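Single-structure report; data block below.
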Amino acid sequence: MSETSQRQYSATVVDGPHKAPGRSMLRAVGFNDEDFQKPQVGIASTWSMVTPCNMHIDVLAKEAAAAVDAAGGKAVLFNTITISDGIANGSEGMKYSLVSREVIADSIETVVACQGFDGVLAIGGCDKNMPGCMIALARLNRPGLFVYGGTIQPGQERRDIVSVFEAVGAHAKGSLDDAGLREIEATAIPGPGSCGGMYTANSMASAIEALGMSIPGSSAQEAVGAEKLADCRAAGATLRELIRRGITPRQIMTREAFENAITVVIALGGSTNAVLHLLAMADAAGVALSIDDFTEIGKRVPVLADLKPSGHYLMSELVAIGGIRPLMKRLLDAGLLHGDCLTVTGWTMAENLADCPDYPADQSIIAPLDSPLKATSHLRILRGNLAPEGAVAKITGKEGLRFCGTARVFDSEEDAQAGILAGDVVAGDVVVIRYEGPRGGPGMREMLSPTSAIMGRGLGNEVALITDGRFSGGSHGFVVGHVAPEAAVGGPLALVHNGDAITIDASTDTITLEVDAATMEQRRAAWQPPAPRYPRGVLAKYAATVGSASSGAITDRIPGI
């Protein structure tokens with residue numbers, strides 16, 4: 001690609017006598033005459049002191065920017081927002097969590113397109129800013145890549161944020177005193193980095209690497225250390241090369257690349273949120289992907305990683321034995337990955353993995369393919385009269401494959417949490433939390449507080465939970481989320497009564513409300529849709545534009561187009 005064509009976007013804002021006003025403003029932020037002839041690269045930083053996941057990203061962004069400049073580009077740093085699920089969980093503020101994914105995508109798209117950047121390097125370190133960054137890269141479709149902020153180091157006694165959430169349930173049960181709760185609270189989070197298990201952040205980082213949109217090996221790195229800084233330097237130089245060669249995200253984010261991402265998420269025992277986010281990312285890239293694809297791929301892909309929350313190990317312990325690349329090499333050699341997919345290195349997936357060594361022989365984190373932890377996927381897409389458009393379950397097999405119980409219905413997360421902590425939820429209950437979907441919440445809150453409270457009270461194997469909301473990657477147990485259609489639009493979940501029998505069967509991928517059709521029709525006739533909870537503001541806009549969870553809860557689809 002010629003030097004001029006490498007500047008196809010920035011040239012429109014800085015070239016020619018009539019662009020002197022723009023150049024004048026850019027001189028004030030550090031441009032000189034030579035810089036106007038270089039490709040401009042936007043460095044989208046999610047740095048903030050809102051959360052430990054992102055508190056170090058300013059350092060990473062500056063490192064990446066310096067590498068872009070050294071490679072002959074001109075880096076321009078800018079920020080977008082981030083929120084903290086861990087802090088907001090269980091509160092009304094959590095309704096803004098999934099909304100932030102859209103705000104982040106919209107803001108990066110807005111800045112990059114307005115300023116005429118020729119490329120974009122996005123750095124994220126938390127659940128929603130990662131898919132938000134990727135949605136923006138796919139929409140913009142100009143040379144770009146993603147850098148992961150890295151995983152947090154373990155707290156004392158291998159604690160992490162989920163340890164604290166589950167301690168709350170133990171405290172409510174009476175098996176942990178005030179001093180014990182305070183001690184866990186004070187020692188679980190030692191510093192910067194994303195939540196330490198195979199929760200949503202590490203799941204999405206792994207998915208993005210498998211998608212080919214980050215530097216090989218970058219998803220399995222600790223947030224603090226020389227390795228992550230080197231990753232940022234490599235990313236800056238790589239992006240400059242992507243611009244030179246004219247390689248854009250949609251050339252990388254193909255249907256086969258998304259299949260690779262799903263495969264790796266399954267093998268790692270990743271978060272249910274990966275379903276929601278990969279659907280949204282694929283839509284932004286113009287790739288046809290549905291929840292049923294997770295079922296089809298899941299039939300042939302085993303769960304191999306013994307990682308938290310359902311397993312034993314933390315991400316930092318996987319990093320220590322080689323990260324996810326040896327796992328991907330095993331999957332590739334078994335014919336479970338598409339090796340010919342292009343990646344940001346300019347090489348194919350198979351070429352990136354060609355010289356990858358295997359794990360140490362004595363490791364116990366990643367099981368061999370011939371002796372998996374689970375022969376098929378833990379991410380189950382369930383359908384039935386309770387979820388005609390589908391629901392997403394995370395069932396590792398440790399919970400069993402079938403649960404029959406009676407409904408205990410709550411119309412909000414707060415009511416459910418209060419009921420669980422008060423002891424109202426008992427063995428044999430199917431906890432139903434409704435009106436928490438994308439539109440009804442609005443915002444589709446995570447149910448980490450209720451699921452952790454159930455675990456902390458010792459009911460993890462005796463209670464199921466279903467919701468039109470979603471789950472944190474840290475949730476585990478017999479849980480089913482993303483129930484669609486959601487209750488707020490008249491989905492069957494709105495018609496469940498206390499005491500109704502519900503059967504969840506992961507062997508047949510069904511979720512059934514054991515109530516006859518005539519009774520359901522009577523209930524439907526009596527049902528009234530709830531009034532919108534937010535008449536104005538960002539949540540009102542979100543509720544008015546968001547689609548079904550079964551399609552990724554996207555907000556930029558115009559009806560009829």
Side-chain angles (χ1 to χ4, degrees), residues 83 85 88-103 128 272-273 275-277 279-280 291 382 385-393 407-419 430-451 465-472 475 479-498 500 502 511 513 520 523-524 526-555 557 559:
I83 56 87
D85 293 356
N89 234 301
S91 76
E92 192 75 0
M94 188 63 188
K95 292 182 178 180
Y96 291 87
S97 172
L98 188 58
V99 176
S100 76
R101 184 189 77 179
E102 308 306 301
V103 175
K128 308 311 165 304
T272 54
N273 282 317
V275 178
L276 194 73
H277 296 324
L279 290 172
I291 55 174
L382 310 182
N385 67 345
L386 201 49
E389 292 180 6
V392 181
R408 189 168 296 273
V409 182
F410 301 96
D411 286 346
S412 72
E413 180 186 1
E414 286 85 356
D415 289 349
Q417 180 75 348
V430 177
V431 177
V432 176
I433 307 178
R434 62 191 179 191
Y435 299 113
E436 292 287 3
R439 187 176 299 180
M444 203 178 179
R445 286 190 287 183
E446 291 180 350
M447 300 296 140
L448 180 57
S449 292
T451 58
L465 189 151
I466 64 175
T467 180
D468 51 8
R470 58 195 177 87
F471 297 110
S472 162
S475 292
V479 296
V480 181
H482 308 201
V483 173
E486 61 176 291
V489 301
L493 201 66
L495 310 180
V496 180
H497 286 188
N498 280 320
D500 287 347
I502 294 174
I511 181 167
L513 179 65
M520 291 292 283
R523 293 180 182 180
R524 182 169 298 283
W527 178 79
Q528 294 292 322
R533 292 181 175 177
Y534 288 84
R536 297 293 300 273
V538 66
L539 291 181
K541 287 195 291 185
Y542 184 83
T545 57
V546 70
S548 171
S550 62
S551 300
I554 59 176
T555 59
R557 280 283 188 185

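Everything numeric in this text was worked out from a predicted model, so none of it was measured.
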### Student check: side-chain heavy atoms of Pro485 and Ser548 closer than 4.5 Å
no

### Message
Within this structure, what is the CE-CD distance for the pair Met447 and Glu436, rounded to the nearest 0.5 Å?
### Response
4.5 Å

### Query
Does Ser550 reach the side chain of His482, with side-chain heavy atoms less than 4.5 Å apart?
no

## Note on the structure
Smallest heavy-atom separation, Val489 atom then Arg439 atom, equals CG1-NH1, 3.7 Å

### Task
Decide side-chain contact (heavy atoms from CB on, under 4.5 Å) for Val546 and Met444; before the verdict, give the C-alpha distance in whole Å, the side-chain angles of both, and the deciding distance to 0.1 Å.
CA-CA 11 Å; Val546 70; Met444 203 178 179; over 6 Å; no

### Query
Are Met520 and Asn385 close enough that some pair of their side-chain heavy atoms sits under 4.5 Å apart?
no

#### Entry: Closest non-hydrogen atom pair between Phe471 and Val480, with its separation
CE1-C, 3.3 Å

### Task
Check whether any side-chain heavy atom of Leu539 lies under 4.5 Å from a side-chain heavy atom of Tyr96, and answer yes or no.
yes

### Task
Show the numbers, then the answer: is there a side-chain contact (heavy atoms from CB on, under 4.5 Å) between Tyr542 and Leu98?
CA-CA 10 Å; Tyr542 184 83; Leu98 188 58; 3.4 Å; yes

### Query
Is the backbone N or O of Val483 less than 3.5 Å from a side-chain atom of Asp468, with the two atoms forming a donor-acceptor pair by type?
no

### Message
Within the structure provided, determine whether Leu513 and Pro492 are in side-chain contact (heavy-atom separation under 4.5 Å).
### Response
no

### Task
Verify, without hydrogens or angle tests, whether Asp85 (side chain) and Met94 (backbone) share a donor-acceptor contact under 3.5 angstrom.
no

### Message
Could you tell me if Ser97 and Glu446 have a donor-acceptor pair between their side chains, going purely by distance under 3.5 Å?
### Response
no

### side-chain contact (heavy atoms from CB on, under 4.5 Å) assessment of Thr272 paired with Arg470
CA-CA 8 Å; Thr272 54; Arg470 58 195 177 87; 5.8 Å; no

### Task
Starting at OG1 of Thr545, measure out to CZ of Arg557 and round the result to the nearest 0.5 Å.
13.5 Å

### Message
I'd like to check Glu486 versus Leu493 (side-chain heavy atoms, cut-off strictly below 4.5 Å). Are they in contact?
### Response
no

### Query
Got a donor-acceptor contact below 3.5 angstrom from the Arg434 side chain to the Ala487 backbone?
no

### Query
So, does Asp415 use its side chain to make a donor-acceptor pair with the main chain of Phe410 at under 3.5 Å?
no

#### Entry: pair Glu102-Lys128: side-chain heavy atoms closer than 4.5 Å
no

### Message
Which heavy atom of Pro438 sits nearest to which heavy atom of Ala553, and what is that distance?
### Response
CG-CB, 4.3 Å

### Query
Can you tell me how far the CD atom of Gln417 sits from the OG1 atom of Thr451, to the nearest 0.5 Å?
9.0 Å

### Where Gly490 and Arg524 come nearest, the two heavy atoms and their spacing
O-NH1, 2.9 Å

### Query
Can Glu413 and Lys95 be counted as an ion pair, charged N to O under 4.0 angstrom?
no

### Message
If you compare all heavy atoms of Ile291 against all heavy atoms of Gly390, which two are closest, and at what distance to 0.1 Å?
### Response
CD1-CA, 4.1 Å

#### Entry: Side-chain donor/acceptor of Arg523 to backbone N/O of Ala494, under 3.5 Å
no

### Main-chain N/O of Ile433 paired to Thr467 side chain as donor or acceptor, under 3.5 Å
yes

### Query
So, do Leu386 and Val496 sit near enough that their side-chain heavy atoms are less than 4.5 Å apart?
yes

### Query
For Leu276 and Val392, what are the C-alpha separation, side-chain angles and deciding distance, and is it a side-chain contact (heavy atoms from CB on, under 4.5 Å)?
CA-CA 9 Å; Leu276 194 73; Val392 181; over 6 Å; no

